[in-house]
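In what follows, a single structure is set out as structure tokens and then discussed.
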Amino acid sequence: MTRTHFHEGDLIGVLTTQPIGRVLDYKAPEGGCFLGAFVEVPLGPRKVMGVVWAEGQGDFDHAKIRPVTRVLDVAPMAEEMRVFIDRAAAYTLTPLPAMLRLATRAPGLGDAPSMRKVYRLGGREPDRMTDARRKVMEVLRDYGGLSFTLGEVAEMAGVGTSVVKGLVKQGAVAEEDAPRDTPYPRLDPDYGGKALSEDQTQAAEVLRGAIGSGQYGTTLLKGVTGSGKTEVYLEAVAACLRAGRQALVLLPEIALTGEFIDRVEARFGMKPAEWHSGVTMTERRRCWKMVGQGDAQLVVGARSALFLPYRDLGLIVVDEEHDTSYKQEDGVLYNARDMAVLRAAGCAAQVVLASATPSLESWANVEAGKYRRLNLTSRFGAAVMPSMGAIDMRNEDLPGGKWVSPTLRDAIAQRLEKGEQSLMVLSSDLYGSARAMKAHIEEIAQGGTDIIIGTQLVAKGHNFPNLTLVGVIDADLGLQGSDLRAAERTFQLMRQVAGRAGRAEVPGEALLQTYQPEHPVIRAILGGDEEAFWAAEAAERKAAGVPPYGRMAGIVLSSPNVQEVFDLGGEMARRDAPLRRIGAQVFGPAPAPIARIRGRHRVRLLVKADKGVPLQQALTEWVGQFRLPTNLRLAIDIDPQSFY
Ligand code: ADP
């Protein structure tokens, strides 16, 4: 049995965030330490952060082993988290230190708690009461017992910060020092629940039962956009909070979090913790620490929120589970949807995968009996699915340099006359920054703009009640790609985009501009026969032995030296015995579709294997045979999503 506590001088193994291939031996510090403790250790001339990972190996000169410098003032990493990091590293073939870095991406974890000024009622009346002052006093009275920063008070009262400062001078508001990393306000699961429709009620009931089981399970929550999936999974969050466990909601786009946070506040009375690249460093550290000590009940975030040190995670929701942005394509290559399932399985949590257009992977897991499936069929309220039609571009008179066909233009003009909105989806990113994007979307949602020129971002879950026409400028784009998920993505994108129209009372219309109206994919979209599409697509993939019915791994070699990458690629393809032993095949080397990035030439190999074979083990053995030239980088992508 592994020991969980070490006395001063005991030999311990510490995993650091430094790129070193093994867990290093140290001596436990004065006062001892727990397994999982975050520590600072000397490494050469530096001090680095690490986690007490195991007992020491002891295969090193005992006299030379140095003691841990100090134990950091944060909650130790739970065993569940250490196991998760181990498994995620083994699955994605990521070195453990890189995995630990991913799990500690918050600045100043080791710093002493810093202080900040907070404000509460001071007890005295101000000399003169103004409207602005009254608002501040009211806000502080309403939230008695809680303390807020200057910015928060001013924002909640809708006044300038000088008003608050003025009240401080008069003793009407008190200014105090408080630790910066404070617990998040408690969420109230009974605060603002909606009356659910019949199938929403049934779905929520099943999810509540699943949470109540206290066991792992995954549910695919499928329903057209606007059918109330969010409403339903918020009920699962409520059940999780009532059970005293933590919940995580993953969203595919940062641009969606603002709108979602507002919904959480309306449902639970308070805002949840947020974790994504748009969050300030201070707030990131607060989130990380509070999650670790159980003082954040709900985290809303991007994929890396999966690697936070939850005390007791009971539910992970992956919203828009089919979204390709859940695959991290840089650094540690992982798919957040798959890692969510891995993590949940290790901590007896439930996973809810929500989508109008599930991935074939999830669809197949339902078919195989691994996931439960819940359907929300009817839309809430009077709205109906839009009617869909193709615009056959072969019959349209399209001047060069123009995208919008006369037929589509007429349809837009009709909407303008009626004061309704139209959405066009283009593939290029027209918005310079997330902020501009957000401002634009808010303007659109209030009916301030009649034609929305959208990127793919717009297709993801925003609410536009007055939108009645969706025009897809180039429906064929996704059909021409060579990767295996091209058909699936086109299908999903169209349905997602089409689902925007008619969310409110007015029924919508979706028009796809296409040069191939007879293509099976376009026909499946227009026909709306989803199960037929999935069944046909599944049959094709099964026959080809590709995911989700087979396994793949992509290997990308890159170097400034083009000769080197092809030489090594060729050698790897020849010396493939470890792969052949498990019946796997290697394809390539071939220039990667993006053959050069920042002066580095890229060459790709693709490995294909049957399901159920020890692929990672074989890959490790195979790659381990080769010596890499200094400037050459080798990246392994398990279950590649994109093929660039
Ligand atoms: P989805 O996540 O499937 O797109 P949402 O949960 O966002 O659907 O629901 C779409 C809209 O309908 C939202 O504005 C939501 O608040 C509203 N809605 C859904 N179900 C209900 C309900 N039972 N009562 C009131 N409003 C609802």
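Just so you know, ligand 1 is whichever comes first in the structure, and atom 1 is the first atom listed for that ligand.
In this structure, Lys229 does not pair ionically with Glu320, as no charged nitrogen and carboxylate oxygen lie closer than 4.0 Å.
The nearest non-hydrogen atom to atom 13 (C) of ligand 1, considering only Arg267, Glu198, Arg263, Lys222, comes from Arg263. Summarising the contacts of atom 15 (C) of ligand 1 with Glu259, Glu320, Glu231, Glu235, the nearest heavy atom is found in Glu231.
Residue contact check for ligand 1: Leu376 places no non-hydrogen atom closer than 4.0 Å to it. Residue contacts with ligand 1: Gly223 is excluded, as none of its non-hydrogen atoms falls under 4.0 Å.
Ring geometry, Tyr334 versus Phe307: the interplanar angle exceeds 60°, so the pair is classed perpendicular (tilted spans 30 to 60°).
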Exercise for the section: Report the C-alpha distance between Lys135 and Glu138 in whole Å, list the side-chain angles of each, state the deciding distance to 0.1 Å, and finish with yes or no for salt bridge (Lys or Arg N to Asp or Glu O under 4.0 Å). Expected result: CA-CA 5 Å; Lys135 281 187 207 145; Glu138 271 169 19; over 6 Å; no
Practice task
Assess whether side chain to side chain donor-acceptor pair (under 3.5 Å) is satisfied between Asn335 and Tyr91, documenting all intermediate values.
Solution key: CA-CA 11 Å; Asn335 188 321; Tyr91 188 86; over 6 Å; no
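With a heavy-atom cut-off of 4.0 Å, Lys229 touches ligand 1 through backbone and side chain alike. Only the backbone of Ala195 comes within contact range of ligand 1, with a heavy atom under 4.0 Å; no side-chain atom does.
Residue Val224 has at least one heavy-atom neighbour below 4.0 Å for each of these atoms of ligand 1: 3 (O). Counting the atoms of ligand 1 from 1 in the order shown, those under 4.0 Å from a heavy atom of Leu196 are 23 (N).
Here the side chains of Pro547 and Asp639 are not in contact, with every heavy-atom distance at 4.5 Å or above.
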Only pairs under 3.5 Å count here: list side-chain donor-acceptor contacts from residues 292-300, not counting sequence neighbours, and write none if there are none.
from   : atom 1 : to     : atom 2 : distance (Å)
Gln293 : NE2    : Asp295 : OD2    : 2.9
Gln297 : OE1    : Leu187 : N      : 2.7

